[in-house]
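Below is one structure, written out as structure tokens; the observations come after it.
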Amino acid sequence: MGILERIILIGDSGHSKVIEDSIRSQNRVIIAKLDDKYNKNTYEHQVFKGPIHLIKEILEDDVMVVIAIGSNSVRKQIVERLALPKEKYAKVIHNSAIISNSSNIGFGTVVMPGAVVNADVSIGNHTIINTNSVIEHDCVIEDFAHVSPATILTGNVKVGEGSHIGAGATVIPGIEIGAWTNIGAGSAVISNIESNTTVVGVPARLIEKEGLA
Ligand SMILES: CC(C)(COP(=O)(O)OP(=O)(O)OC[C@H]1O[C@@H](n2cnc3c(N)ncnc32)[C@H](O)[C@@H]1OP(=O)(O)O)[C@@H](O)C(=O)NCCC(=O)NCCS
């Protein structure tokens, strides 16, 4: 067996546990978990834990990074704060996910167990494609978006930067969802959604002109 690729996780929470499983399923190894909830440094079971700023001291050339934080806006803030080259961020794809060879997945993006990413899909950087979600042909998902568990994006759906699609939502073909929207769990999205809004229900209706930005 060759040398295992080493990964630093930023964020140590429930969301990061699923990312850890996905990383291990790819036979990569986590060497550190950095989170600002840690005010002292520890080293246990060969994993270093400490605050995020220590990344500058432990990041070596052949080590990759994943931002394992569920909040889309916080993930973006951390990426801006670290200012690393985008190639330093690992793509994490659980080995049970089904990914079309014609799809394109960006840096720092995580694809959780059982997700399906079909033909000609384009997924940006630092997005979350969560457990058992289905991303049908020709969808375009921009940076920092989050498609929650069991969500179905049918063909040709566009999801703007930072948008959060709640668990179990369904989006019909050709719909455009703007940036930093918040789509409620279980919603059926049957018309385009403006940026910076929150919509819920079947069919999805506007409840807030605010969104997530
Ligand atoms: C949409 C959402 C963000 C709204 O949260 P909120 O701003 O706190 O909204 P509230 O709970 O105050 O609800 C506002 C109204 O919308 C309704 N509503 C909220 N979420 C709803 C949903 N998913 N479906 C249908 N109606 C919903 C509430 O019943 C309430 O209606 P009312 O004004 O008639 O009483 C949240 O309810 C939601 O669905 N989040 C998705 C979470 C998720 O899937 N996470 C995945 C993590 S991996």
Side-chain angles (χ1 to χ4, degrees), residues 9-25 33 35 37 66-79 90-94 96-99 105-106 108-117 121 123-136 139 141-154 157-172 175-213:
L9 281 187
I10 310 281
D12 192 5
S13 63
H15 174 64
S16 67
K17 287 180 194 171
V18 189
I19 295 180
E20 281 181 50
D21 278 350
S22 300
I23 289 172
R24 294 205 176 96
S25 83
K33 296 181 191 173
D35 193 307
K37 73 182 177 190
V66 178
I67 315 280
I69 293 174
S71 160
N72 297 345
S73 54
V74 174
R75 218 162 48 255
K76 183 172 184 181
Q77 282 162 23
I78 304 255
V79 167
K91 294 176 201 188
V92 174
I93 298 173
H94 193 278
S96 67
I98 298 172
I99 311 289
I105 296 180
T109 283
V110 297
V111 182
M112 303 299 210
V116 178
V117 175
V121 164
I123 300 177
N125 302 324
H126 304 288
T127 65
I128 302 166
I129 307 300
N130 223 319
T131 309
N132 266 355
S133 56
V134 175
I135 316 296
E136 263 304 338
C139 284
I141 302 177
E142 293 184 1
D143 299 349
F144 304 106
H146 177 176
V147 178
S148 294
T151 284
I152 298 178
L153 304 186
T154 61
V157 168
K158 291 192 170 49
V159 176
E161 181 183 294
S163 277
H164 180 246
I165 319 292
T170 299
V171 184
I172 68 167
I175 291 296
E176 297 194 10
I177 294 174
W180 301 100
T181 65
N182 204 357
I183 312 289
S187 299
V189 181
I190 61 167
S191 53
N192 293 345
I193 307 294
E194 275 179 44
S195 294
N196 301 305
T197 56
T198 298
V199 301
V200 298
V202 182
R205 61 183 169 85
L206 182 73
I207 58 166
E208 246 176 68
K209 265 200 158 295
E210 261 196 22
L212 295 171

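Indexing begins at 1, ligand by ligand and atom by atom, following the structure's order.
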Answer yes if a protein heavy atom lies under 4.0 Å from atom 28 (C) of ligand 1, otherwise answer no.
no
Minimum side-chain heavy-atom gap R205-P203 below 4.5 Å
no
So, do S148 and S133 sit near enough that their side-chain heavy atoms are less than 4.5 Å apart?
no
Is atom 23 (N) of ligand 1 in close reach of the protein, with a heavy atom under 4.0 Å away?
yes
Suppose I only count heavy atoms of I207 and a 4.0 Å limit; which atoms of ligand 1 are within that range?
14 (C), 16 (O)
Under-4.0 Å heavy-atom contact between protein and atom 7 (O) of ligand 1
yes
Which segment of S187 sits under 4.0 Å of ligand 1 when only heavy atoms are counted
neither
Which of the atoms in ligand 1, numbered in the order shown and given with their element, are less than 4.0 Å from a heavy-atom of P149?
48 (S)
Which protein heavy atom lies closest to atom 34 (O) of ligand 1, and at what distance to 0.1 Å?
R205 NH2, 4.6 Å
Counting from 1, what ligand 1 atoms have a heavy atom of S148 closer than 4.0 Å?
46 (C)
One should read off an interatomic distance between D21 CG and S16 OG, to the nearest 0.5 angstrom, of 10.0 Å
Can you confirm whether some protein heavy atom lies under 4.0 Å from atom 36 (C) of ligand 1, or whether none does?
no
Does atom 46 (C) of ligand 1 have a protein non-hydrogen atom under 4.0 Å from it?
yes
Does the side chain of V157 come within less than 4.5 Å of C139's, by heavy atoms?
yes
Could you check whether any side-chain heavy atom of V79 comes within less than 4.5 Å of a side-chain heavy atom of I67, counting everything from C-beta outward?
yes
Going by the closest heavy atom to atom 20 (N) of ligand 1, which one wins out of T131, N130, V200?
V200
Is any side-chain heavy atom of T109 closer than 4.5 Å to a side-chain heavy atom of K91?
no
Heavy-atom nearest neighbour of atom 40 (N) of ligand 1 within options G186, G201, A185, A150
A185
For atom 31 (O) of ligand 1, decide whether some protein heavy-atom distance is shorter than 4.0 Å.
no
Between V159 and I165, which heavy-atom pair has the shortest distance, and what is it?
CG1-CD1, 4.1 Å
Does the pair N130 and M112 meet the rule for a side-chain contact (heavy atoms from CB on, under 4.5 Å), with working shown?
CA-CA 5 Å; N130 223 319; M112 303 299 210; 3.4 Å; yes
Under a 4.0 angstrom heavy-atom cut-off, which atoms of ligand 1 come close to G166?
44 (O)
For the residue pair H15 and H146, categorise the inter-ring angle as parallel (less than 30°), tilted (30 to 60°) or perpendicular (more than 60°).
tilted
Evaluating non-hydrogen atoms only, which member of I165, N182, V202 is closest to atom 3 (C) of ligand 1?
N182
Decide side-chain contact (heavy atoms from CB on, under 4.5 Å) for I129 and I141; before the verdict, give the C-alpha distance in whole Å, the side-chain angles of both, and the deciding distance to 0.1 Å.
CA-CA 10 Å; I129 307 300; I141 302 177; 3.9 Å; yes
In the structure I gave you, are the side-chain heavy atoms of D143 and H126 within less than 4.5 Å of one another anywhere?
no
Relative to ligand 1, is A167 under 4.0 angstrom through side chain, backbone, both or neither, heavy atoms considered?
both
Residue part near ligand 1, for H164, under 4.0 Å between non-hydrogen atoms:
side chain
Any protein heavy atom nearer than 4.0 Å to atom 11 (O) of ligand 1
no
